[in-house]
Student: 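Before I ask anything, let me first share the structure, which is written out below as structure tokens.
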Amino acid sequence: MAVSPKTRLLAVPTVALMSLALLAGCGSSDKKESAAAETSSSASASAEQSQAAEETSSAAADEAKVEAVIPDGFKKVTAPNNKISFAVPEGWMEMDSEAIANTDAIQEYLDQAAQGTNFTPEELKSQMAQLDLMATSVTPNEDGFAENVNVNAEPVLVTSLPDQAEMESLAKGINATPGEYKKISTPLGEGTQLSYTLDVTGVSVHGVFVVVPSGTGTGFSVLTVSSSNADSAAKLAEQMAGSLSKAS
């Protein structure tokens, strides 16, 4: 059965959200309960980890030597909780965490997005609540696919960038096939990225995880780029990473 442009358009945010949930450490309910128990029993250790994450992120940002560049035909968007800004193509639609929290304002979008999927508007809203920013093309590409970039709801409090094995494990956690892993230099400091491919309702999604120091000085921000074309996903990730800056 052929996949309609509508289905292709809507599949992408779901892929990015699944990826984000894993990368940000949002696992099963059992894992959450376990994590809560560990946090309760080791408050001092958590405080030390948070402090270490802040120092690590700040140090990485201080070492940044790359100047942020906004490509022609792009505009700046901001992820307020992560306090980072970056460029996306002009004409893209963006919704930050404040807009996503306003159900009345996005109800029409949720109703349309849920059509032809296995998700209800409420379920989509719940997934979107995991995001600090969602930016997406309003015009599908030649494959009927809406390219997009998403940012995790909050900086992830880890003390170091994930290595290749950790990034590949995240991709495999959503049944994706890991691609190229590499370290990148950004205006916010050193980051890491991993490309991956994933089949969703007959659509071959090409994604890129990008992890960089957050603009808050604490932890790291997780961004996910999705496209139906590997070259396009890689180019978008490169342009986004090169335009990163701290949000005022």
Student: With a 4.5 Å cut-off on side-chain heavy atoms, are Val212 and Leu244 touching?
Tutor: yes

Student: Quick check: do Val69 and Pro187 have side-chain heavy atoms less than 4.5 Å from each other?
Tutor: no

Student: Just by modelled atom types, is the Trp92 backbone N or O under 3.5 Å from a matching donor or acceptor in the Lys75 side chain?
Tutor: yes

Student: Would you call Lys246 and Lys83 a side-chain contact if the rule is heavy atoms closer than 4.5 Å?
Tutor: no

Student: Would you say the side-chain atoms of Glu147 and Ser227 include a donor-acceptor pair closer than 3.5 Å?
Tutor: yes

Student: Rounded to the nearest 0.5 Å, what's the gap from OG on Ser160 to CD on Glu190? Could you check?
Tutor: 10.5 Å

Student: Is any side-chain heavy atom of Val225 closer than 4.5 Å to a side-chain heavy atom of Phe209?
Tutor: no

Student: What are the two closest heavy atoms between Pro140 and Gly144, and how far apart are they?
Tutor: CB-C, 3.5 Å

Student: Can you list the steps and then say if Phe145 with Val205 is a side-chain contact (heavy atoms from CB on, under 4.5 Å)?
Tutor: CA-CA 9 Å; Phe145 193 96; Val205 176; 3.9 Å; yes

Student: Check for me, please, whether Phe74 and Met134 land in the same ILVMFWY cluster - side-chain distances under 4.5 Å, paths through other members count.
Tutor: no

Student: Return the minimal non-hydrogen interatomic distance between Val138 and Gly91, and the atom names on each side.
Tutor: CG2-O, 3.5 Å

Student: May I ask you to test the Glu168-Leu194 pair for a side-chain heavy-atom distance under 4.5 Å?
Tutor: yes

Student: When you measure from the side chain of Asn81 to the backbone of Asp132, do you find a donor-acceptor pair of N or O atoms at a distance under 3.5 Å?
Tutor: no

Student: Grab the two heavy atoms, one from Tyr196 and one from Val208, that are nearest each other, plus how far apart they are.
Tutor: CE2-N, 3.8 Å

Student: Any link between Val210 and Ile70 through a network of hydrophobic side chains (Ile, Leu, Val, Met, Phe, Trp, Tyr) touching at under 4.5 Å?
Tutor: no

Student: Which is it for Val211 and Met167 under the side-chain contact (heavy atoms from CB on, under 4.5 Å) test, yes or no, and what are the steps along the way?
Tutor: CA-CA 10 Å; Val211 184; Met167 294 283 274; 4.1 Å; yes

Student: Does any non-hydrogen side-chain atom of Phe86 lie less than 4.5 Å from one of Val151?
Tutor: yes

Student: Walk me through whether Leu157 and Thr218 qualify under side-chain contact (heavy atoms from CB on, under 4.5 Å).
Tutor: CA-CA 7 Å; Leu157 297 181; Thr218 302; 3.1 Å; yes

Student: Any side-chain heavy atom of Leu188 within less than 4.5 Å of one from Ile84?
Tutor: yes

Student: Is any side-chain heavy atom of Val66 closer than 4.5 Å to one of Thr186?
Tutor: no

Student: How long is the span from the OG atom in Ser226 to the CG atom in Asn150, to the nearest 0.5 Å?
Tutor: 6.5 Å

Student: Grouping I, L, V, M, F, W and Y whenever their side-chain heavy atoms are under 4.5 Å apart, do Ile184 and Val149 come out in a common cluster?
Tutor: yes

Student: Which heavy atom of Ala135 sits nearest a heavy atom of Val88, and at what distance?
Tutor: CB-CG1, 4.1 Å

Student: Show the nearest heavy-atom pair for residues Asn229 and Ser232, with the distance to one decimal.
Tutor: OD1-N, 2.8 Å

Student: Taking Ser243 for its side chain and Gln239 for its backbone only, find out whether a donor-acceptor pair lies under 3.5 Å.
Tutor: yes

Student: Establish, from distance only, whether the side-chain atoms of Thr216 and Ser214 form a donor-acceptor pair under 3.5 Å.
Tutor: yes

Student: Does atom NZ of Lys76 have more than 12 heavy-atom neighbours, drawn from other residues, nucleotides or ligands, at distances under 6.0 Å?
Tutor: no

Student: Any chance CD of Glu98 has more than 12 other-residue heavy atoms, nucleotides or ligands included, within less than 6.0 Å?
Tutor: no

Student: Would you say the side-chain atoms of Asn141 and Ser228 include a donor-acceptor pair closer than 3.5 Å?
Tutor: yes

Student: Let me confirm one number: the OG-CD distance from Ser195 to Gln193, rounded to the nearest 0.5 Å.
Tutor: 7.5 Å

Student: How many angstroms lie between atom CG of Leu236 and atom NE2 of His206, to the nearest 0.5 angstrom?
Tutor: 13.0 Å

Student: Say whether Ser85 and Ser245, considering side chains only, have a donor N or O and an acceptor N or O under 3.5 Å apart.
Tutor: no

Student: Check the side chains of Thr136 and Asn148 for a donor-acceptor pair under 3.5 angstrom, ignoring hydrogens and angles.
Tutor: no

